[in-house]
Amino acid sequence: MILPKRIDMKKIFQKIADGFARVVFPNVCACCGRENTQQQRQLCSFCLQDRFEDANPNNDRVSSDSLLPEGIVLQHALWKFDKGGNLQHLMHQLKYERLTSIGVDLGRKLGQRLKAHPLAVELLDQQEAIVLPVPLHYLKFRYRGFNQAFKLAQGFREVWKDLPICDIDDVVRIKNTSSQTGFSLEKRLENMDSAFKVKNTDIIEGRTVIIIDDVFTTGSTTFELSNTVQQAGAGPVMILTIAQA
Ligand SMILES: [Zn+2]
């Protein structure tokens, strides 16, 4: 005789509650606004996989036309920046509208993409590495309440599980620079000169440093940070960003 399955009331209530939550708080993609079937994610699979153009499709050492200063072994951006488009809007939401979980989604995507970059995999296999989200000046941090680059680093680390992330006090930004939009390269370099300081040399010394930021434009910020960590004894430096302006 086949016994009827016990009715699990808890499960039924959970399903009703989930359905109710979907109607009241629909899970929509922060980028395209379409319904998002990915649980716990801000971005739908289309926006994460197919919407934007790969900035480094041939897995080159640089995804821009910048000349890399000595010591920087890789500069890789995930996608090409689309001025006024969806990606710019996403970056804006991450930075100014406190949608910090977008950062974790994007950082995870960056980490997954890097697993398909042979040079990056080879470099990270050889030597101990540490992730360094570009530090914010403490005044900016206090005002914003978080560092968006740190959110990217958290997502990145979900893919590269053994990698430690620098603490907020290990490397600091000592110059509260203004926005560099519209500045010439010369002015940007001058603006960023001596902007960072390594406070915990032990954590940097001899390690490959993976600098993570949201957008790579001329490199004035990340090159200066790279210079600072190398003076503190860091090994090779990689610069990883979500967008390539
Ligand atoms: Zn979407």
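Each ligand, and each atom within it, is numbered from 1 in the order the structure gives. Since we're looking at a predicted model, the values are computed, not measured. The analysis underlying the following values was restricted to heavy atoms, covering all of them including side chains, and did not include hydrogens, waters or symmetry mates.
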Legend entry - Expected output: side-chain Gln75 to main-chain Ser63 donor-acceptor under 3.5 Å: yes
Legend entry - Degrees at the Zn ion (ligand 1) between the SG atom of Cys47 and the SG atom of Cys29, nearest 10°: 110°
Inset, instruction - Please calculate the SG(Cys44)-the Zn ion (ligand 1)-SG(Cys32) angle and round it to 10 degrees. - result: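 Result: 110°, to 10°.
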Inset, instruction - Start with the C-alpha gap between Glu224 and Ser220, add the side-chain angles, then the distance that decides, and say whether side-chain hydrogen bond (donor to acceptor under 3.5 Å, both in side chains) holds. - result: CA-CA 6 Å; Glu224 176 61 27; Ser220 56; over 6 Å; no
Legend entry - N/O/S from Cys31 sitting under 2.8 Å away from the Zn ion (ligand 1):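 Looking at Cys31, which is the residue asked about, there is no N, O or S atom under 2.8 Å from the Zn ion (ligand 1).
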Inset, instruction - Compare every heavy atom of Ala129 with every heavy atom of Pro164, then report the nearest pair and how far apart it is. - result: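 That would be CD-O, 3.3 Å.
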Inset, instruction - Can you measure from CG (Leu48) to CG (Leu106) and round to the nearest 0.5 angstrom? - result: 7.0 Å
